[in-house]
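Following: one structure in structure tokens, then a few remarks.
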Amino acid sequence: MADFTLHVGTRIWSSWSLRPFMALAATGASFETVVTALRAPGTRAAIGGFSPSGLVPVLVDHRDGRDVTVWDSLAICEYLAESWPHLWPADAAARAVARSVSAEMHSGFRPMRMAMPMDLFAEHPGEGLDADGVEADIRRIDAIFSDCRNRFGAGGPYLFGTFTIADAMYAPVASRFRTYRPELSAPAADYVATLLADPGFTAWEAAALKEM
Ligand SMILES: N[C@@H](CCC(=O)N[C@@H](CS)C(=O)NCC(=O)O)C(=O)O
């Protein structure tokens with residue numbers, strides 16, 4: 001048996017599932033991914049069978065006879081970081097910023113999330129960009145990308161140099177930007193390209209293709 005089971009939703013749409021998938025992929029741990037179809041008549045009942053919140057993602061830790069269930073994307077990432085501390089930056093000040101931008105993604109950017117839903121392989125340039133609040137969300141995200149790369153990114157191409165949970169949290173945004181094509185600053189555009197080439201992200205895409 002694999003060390004972990006990660007329950008996710010339909011991969012082309014489930015932005016919240018992609019995040020812990022990328023964090024888990026970055027640990028090198030063995031895990032199986034179980035997909036529940038979203039937007040189907042039986043979705044609610046199927047997810048209710050394993051998820052306390054009625055939502056995906058859900059992680060089950062089977063290591064050493066454990067049977068620990070963790071739900072909600074950011075809680076799952078935090079749980080993984082207890083075993084793989086490199087999922088957060090080593091420096092305490094950088095870690096504080098990484099946690100802040102991760103929480104900001106988790107709790108915010110609702111206008112952008114509503115007007116520009118993740119649709120992994122779709123191309124809708126310009127759609128949704130003039131909806132209320134979307135431009136402000138995009139400008140704030142661009143500022144986060146540019147600022148983190150500038151202040152903390154010297155050691156590699158990710159927000160804090162090497163891959164961290166903050167990158168996992170913004171990976172679905174990179175997918176959205178590829179689909180809807182807002183204008184971005186050069187550092188933000190470069191960082192989006194990094195996320196789209198990340199091995200965890202491309203593994204998710206390959207599995208999503210097989211699902212279609
Ligand atoms: N705050 C949650 C949000 C999870 C969420 O909204 N998941 C969606 C799929 S991306 C879901 O389970 N929807 C259930 C449904 O469509 O019935 C998290 O961060 O994990």
Side-chain angles (χ1 to χ4, degrees), residues 4-27 29 31-61 68-82 84 87-88 98-122 124 128 133-134 137 140-141 144 159 163-180 195-196 198 200-201 203-205 207-212:
F4 295 94
T5 301
L6 182 66
H7 292 274
V8 302
T10 305
R11 286 183 178 90
I12 55 166
W13 297 320
S14 192
S15 55
W16 294 113
S17 301
L18 168 58
R19 295 170 166 112
F21 175 87
M22 286 183 62
L24 195 45
T27 68
F31 67 98
E32 66 159 347
T33 307
V34 177
V35 181
T36 300
L38 300 177
R39 308 182 192 177
T43 297
R44 181 177 286 260
I47 296 179
F50 58 81
S51 172
S53 65
L55 300 171
V56 283
V58 171
L59 180 80
V60 186
D61 181 357
V68 177
T69 295
V70 192
W71 61 97
D72 198 292
S73 57
L74 192 51
I76 294 170
C77 290
E78 286 282 12
Y79 181 76
L80 293 172
E82 289 184 28
W84 288 278
L87 287 174
W88 287 121
R99 281 203 159 100
S100 297
V101 298
S102 297
E104 189 173 348
M105 177 69 248
H106 190 246
S107 62
F109 304 126
R110 190 175 166 80
M112 183 209 62
R113 291 194 286 105
M114 294 301 109
M116 300 164 58
M118 189 173 94
D119 192 348
L120 205 55
F121 301 115
H124 303 302
V134 169
D137 280 356
R140 172 62 190 147
I141 290 169
I144 288 171
L159 289 179
F163 179 90
T164 69
I165 287 167
D167 303 297
M169 293 306 290
Y170 283 92
V173 173
S175 169
R176 288 174 160 106
F177 285 178
R178 180 175 65 178
T179 296
Y180 301 96
L195 283 179
L196 295 176
D198 175 83
F201 183 81
W204 179 267
E205 278 187 319
L209 270 179
K210 288 191 195 143
E211 233 178 83
M212 294 172 84

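Both ligands and their constituent atoms are indexed starting at 1 by order of listing. All heavy atoms count here, side chains included; hydrogens, waters and symmetry mates do not.
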Could you tell me the residue and atom name of the protein heavy atom closest to atom 19 (O) of ligand 1, and the distance to it rounded to 0.1 Å?
-> Ser73 OG, 2.6 Å
How close do Tyr170 and Ile144 get, heavy atom to heavy atom, and via which atoms?
-> OH-CD1, 3.5 Å
Please say whether more than 12 non-hydrogen atoms of neighbouring residues, nucleotides or ligands are located less than 6.0 Å from CH2 in Trp71.
-> no
Please state which protein non-hydrogen atom is closest to atom 11 (C) of ligand 1 and give its distance, to 0.1 Å?
-> Leu55 CD2, 3.5 Å
Give the residue, atom name and distance (to 0.1 Å) of the protein heavy atom nearest atom 16 (O) of ligand 1.
-> Leu38 CD2, 3.9 Å
If you measure from CG on Asp72 to NE2 on His106, what distance do you get to the nearest 0.5 Å?
-> 3.5 Å
Would Pro57 count as a contact of ligand 1 if the rule is a heavy atom under 4.0 Å away?
-> yes
Determine, using heavy atoms of Ser14 and all atoms of ligand 1, whether some pair is separated by less than 4.0 Å.
-> yes
Pairwise distance CZ(Phe21) to OG(Ser73) - rounded to 0.5 angstrom = 15.0 Å
Would you check whether Thr43 reaches within less than 4.0 Å of ligand 1, judged by its heavy atoms?
-> yes
The protein heavy atom nearest to atom 6 (O) of ligand 1 is Trp16 CD1, 3.5 Å
Do the non-hydrogen side-chain atoms of Glu78 and Leu87 ever get within less than 4.5 Å of each other?
-> no
Rounded to the nearest 0.5 angstrom, the OG-CZ distance for Ser14 and Arg39 is 9.5 Å
Atom of Leu120, atom of Phe201 and distance for their closest heavy-atom approach = CD1-CZ, 3.9 Å
Separation between CD1 (Ile76) and CG (Leu24), nearest 0.5 Å, reads 9.0 Å
Look only at interatomic distance and state if Val56 has a nitrogen or oxygen under 3.5 Å from any nitrogen or oxygen of ligand 1.
-> yes
Report yes if Arg44 has an N/O atom closer than 3.5 Å to an N/O atom of ligand 1; otherwise report no.
-> no
Short version for His106: what comes under 4.0 Å of ligand 1, heavy atoms counted, is side chain
Nitrogen or oxygen atoms of Asp72 and ligand 1 under 3.5 Å apart = yes
